[in-house]
Number of protein chains: 2
Amino acid sequence: MQPTTLAAVRRTSFADMPCSVARSLEVVGEWWTPLIVRDALFGVRRFEEFQARLGIARNVLAQRLDQLVEEGVLVRVPYQERPVRHEYRLTDKGRDLWHVLTALRQWGDRWVAPDGPPVRLLHERCGRTVTAVPVCSHCGEELRPQELRPTRGPGFRPIGVGDEHIATG
Amino acid sequence: MQPTTLAAVRRTSFADMPCSVARSLEVVGEWWTPLIVRDALFGVRRFEEFQARLGIARNVLAQRLDQLVEEGVLVRVPYQERPVRHEYRLTDKGRDLWHVLTALRQWGDRWVAPDGPPVRLLHERCGRTVTAVPVCSHCGEELRPQELRPTRGPGFRPIGVGDEHIATG
DNA sequence: ACCTTGAGTTGCTTCATGCAACCCACTACT
DNA sequence: AGTAGTGGGTTGCATGAAGCAACTCAAGGT
C-alpha cells in the first residue's frame, strides 16, 4: 500500500466540456454506439438482431443498449408476455441522430468507399438518388464553412479553469 | 502452453464492413478523434495547443495524430528548422469532416445543451445566426428521413458470409 | 553551466472489449 | 414427464486502450 492513492483512471468524460460536439460524443461517441443507432434507424429493434447484424459481443451490446436507454435515445418496451420480452425503439431524440449518421455516411461515400457507395438514398418526393446538401436556415444559400463564423452562445463557457483560453464550440 | 492459441482480442475493426458509416467511424470514431478534428477545423495546428485545449494525455494525442496523418485527414509539415518542429494541417479530406462535426454540434445544441448552445454560427453572407438544414441535392426540398429509401449502390455487399442478410448501408 | 520550450516516448495502472460459457423463463417436441 | 430450443441477457477471464507522471531530446536563451 502506497501513501498516495492512485487516481482511478477511467476514460475521460466529455460531458462537462462547454461544447455541443463533445457532449454529443459523450452520448454516441463510443465504439459500436453509432452503428447501433444506424441499425435502429434502419428498423432493428431486438437484441438478437442487433447482435447478429453487428457481430458485437453480447455483453458490450447489453451495456450500450442500457446506456442509450438511460440517455433517452432508445426506450425499452415489452413486445410479448409469457415470457416477457423487450425491444428497443428510438425516441425523437434518437431519431434526430439521423442527421449525424447521414453526414458520416456521405463522408464515407466520398472518401473511404473505393467501390462506390454501398447504399444510396432514393428521395421519394422527387424520385432521384440524392445526397443531403446543408443550406442556411435563414437565407437558403448552400453553407460553406469559410462563410461561417463561430460566436458565443448563451451556454458559452471558456475552456480550463481561468478565462485565458478561447472558445472551442 | 495450450494447444489452442488464444485469439488476440483487439477492438473490432469496422473497416471491412460494407457501410460508409462504419468505414467513417474507423477513421474518426475513436475517443478524442472527433474533438481533435474539431479543434483543427477551429485553427489549431500544434501538438502543445491540442494538448492544452483538450486536456488529452500526450501519448494518446501522439497516437491519434499519427493515425489521422496516416489516414490522410491531417498532414504533418515543418514550421521551423533548428530545431525542426512540425505542425498538423487539415487536408481536403479532413476539412470535409466539417459536415459531420456540424451535425454533431446541432444535435448536441438541441438535446444536450441545457444552457443553450455554447457556440453559434454567424453566416457572413446573410449576417444571421443560422443552422444548417439538409436539403435534397436534386429538388432542393428539405430532406425528411421518412421520405428517403435506402437502395443498393455499386459498393453494395450483403452482411455476413452468406447472402441471407439484408443490407445495412 | 543551467533553465526553458516544443514535441514526443516510456512505464505502469486501471478500464474497456472480445470471447466463450453459462443462466433463466418459458414454449415445443417426443 | 423429460428434453431441446429461443430470446435475452450475465459472468469470468485475457488482452488492448486510456490516463498519468516522469523522462528524453534538440536546440535556444541567459
Side-chain angles (χ1 to χ4, degrees), chain A residues 1-14 16-17 22 25-26 29-36 39 44-69 74-89, chain B residues 1-14 16-17 25-26 29-36 39 44-70 74-89:
Chain A
M1 278 191 284
Q2 295 297 328
T4 54
T5 43
L6 270 254
V9 214
R10 61 168 34 135
R11 188 168 51 191
T12 308
S13 163
F14 299 156
D16 297 329
M17 298 183 178
L25 291 170
E26 185 71 18
E30 278 183 304
W31 209 237
W32 289 112
T33 303
L35 294 187
I36 292 170
D39 275 11
V44 176
R45 295 182 166 182
R46 301 199 185 160
F47 189 93
E48 294 292 328
E49 196 180 356
F50 282 114
Q51 201 280 317
R53 288 173 56 93
L54 294 170
I56 183 177
R58 306 174 73 78
N59 52 348
V60 177
L61 176 57
Q63 193 265 327
R64 292 294 192 280
L65 290 172
D66 280 356
Q67 204 174 301
L68 287 170
V69 167
L74 299 175
V75 260
R76 187 162 174 270
V77 297
Y79 67 89
Q80 74 167 36
E81 312 289 327
R82 326 205 46 76
V84 61
R85 296 273 158 80
H86 302 85
E87 61 181 18
Y88 298 88
R89 294 195 195 155
Chain B
M1 278 191 281
Q2 295 298 327
T4 55
T5 42
L6 269 256
V9 217
R10 59 167 33 136
R11 189 169 51 191
T12 307
S13 164
F14 299 157
D16 296 329
M17 297 183 178
L25 291 170
E26 184 70 19
E30 279 183 304
W31 209 238
W32 289 113
T33 304
L35 294 186
I36 292 169
D39 275 11
V44 177
R45 296 183 165 181
R46 301 200 185 161
F47 188 94
E48 294 293 327
E49 197 179 355
F50 282 113
Q51 202 281 317
R53 288 172 57 93
L54 294 171
I56 184 177
R58 308 174 71 78
N59 52 348
V60 176
L61 175 57
Q63 192 264 329
R64 291 294 192 279
L65 290 172
D66 280 355
Q67 204 174 302
L68 287 171
V69 167
E70 198 173 335
L74 299 175
V75 260
R76 186 163 174 268
V77 296
Y79 68 87
Q80 73 168 35
E81 311 288 328
R82 329 204 45 75
V84 61
R85 297 272 160 81
H86 301 85
E87 62 181 16
Y88 297 87
R89 294 196 196 154

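Proteins get letters first, then strands, A, B, ... in listed order; numbering begins at 1 in each.
- The nearest whole Å value for the distance from the CG atom in B:Leu54 to the C1' atom in D:dG19 is 14 Å.
- Contact between the side-chain N/O atoms of B:Tyr88 and the OP1/OP2 oxygens of C:dG6 is not found at any separation under 4.0 Å.
- Atom CG in A:Leu35 sits roughly 11 Å away from atom P in C:dG18 (whole-Å rounding).
- Contact of the A:Ile36 side chain with the A:Phe50 side chain is registered, since non-hydrogen atoms from C-beta on lie closer than 4.5 Å.
- Between A:Arg64 and the phosphate of C:dG18, there is no side-chain N or O to OP1/OP2 separation shorter than 4.0 Å.
- Across the interface with DNA chain D, nearest-nucleotide mapping of B:Trp32 and A:Ala62 shows A:Ala62 to be the residue nearer the 5′ end.
- The CD atom of A:Glu48 sits 12 Å away from the C1' atom of D:dG5 (whole-angstrom rounding).
- Counting only heavy atoms from C-beta outward, the side chains of A:Asn59 and A:Gln63 never approach each other to under 4.5 Å.
- Aromatic ring pairs are classed by plane angle as parallel below 30°, tilted from 30° to 60° and perpendicular above 60°; the pair A:Phe14 and B:Trp31 is parallel.
- Comment: B:Glu48 engages B:Arg58 in a salt bridge, judged by a side-chain N to carboxylate O separation of less than 4.0 angstrom.
- In this entry the distance linking CG of A:Leu65 with C1' of D:dG7 reads 14 Å, nearest Å.
- Around the CG atom of B:Asp16, the shell of radius 6.0 Å holds no more than 12 heavy atoms that belong to other residues, nucleotides or ligands.
- Note on B:Phe50: nothing from the nucleic acid sits closer than 4.0 angstrom, heavy atoms only.
- Comparing A:Tyr79 and B:Glu30 by the nucleotide of DNA chain D whose heavy atom lies nearest to each, the residue mapping closer to the 5' end is A:Tyr79.
- Atom CG in B:Asp66 sits about 14 Å away from atom P in D:dA17, given to the nearest Å.
- In this structure, the side chain of A:Gln80 engages the main chain of A:Pro83 through a donor-acceptor pair within 3.5 Å.
- Judged purely by atom type and a 3.5 angstrom limit, B:Gln51 has no side-chain atom pairing as donor or acceptor with the backbone of B:Ala57.
- Distances from the side chain of A:Phe47 to the nucleotides D:dG19, D:dG9, C:dG18 place D:dG9 closest.
- Closest contact between the side chain of B:Thr12 and the listed nucleotides C:dG18, C:dA16, C:dT9 involves C:dG18.
- Rounded to whole angstrom, the span from the CG atom of B:Asn59 across to the P atom of D:dT24 amounts to 17 Å.
- Rounding to the nearest 0.5 Å gives a distance of 11.5 Å between CG of B:Leu35 and CG of B:Leu61.
- Protein atom CD of A:Gln63 is 13 Å distant from nucleotide atom C1' of C:dG18, rounded to whole Å.
- B:Glu49 places no side-chain N or O within donor-acceptor distance of the main-chain N or O of B:Ala52, the cut-off being under 3.5 Å.
- Annotation: cation-pi geometry not satisfied between B:Arg45 and B:Tyr79 (NZ/CZ under 6.0 angstrom from ring centroid, within 45° of ring axis).
- Rounded to whole Å, the distance from CD on A:Gln51 to P on D:dG7 is 12 Å.
- In the helix from C:dA1-D:dT30 to C:dT30-D:dA1, the end axes, each obtained as the rotation axis mapping the C1' atoms of four pairs onto the next four within a five-pair block, lie 10° apart to the nearest 10 degrees.
- With distances taken from any side-chain atom of B:Arg10 to the nucleotides D:dG16, C:dC15, D:dA18, the minimum falls on D:dG16.
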At under 4.0 Å between heavy atoms, which parts of nucleotides 21-27 of chain C does protein reach? Answer with one letter per nucleotide, 5' to 3': B base, S sugar-phosphate only, - none. ----BSS
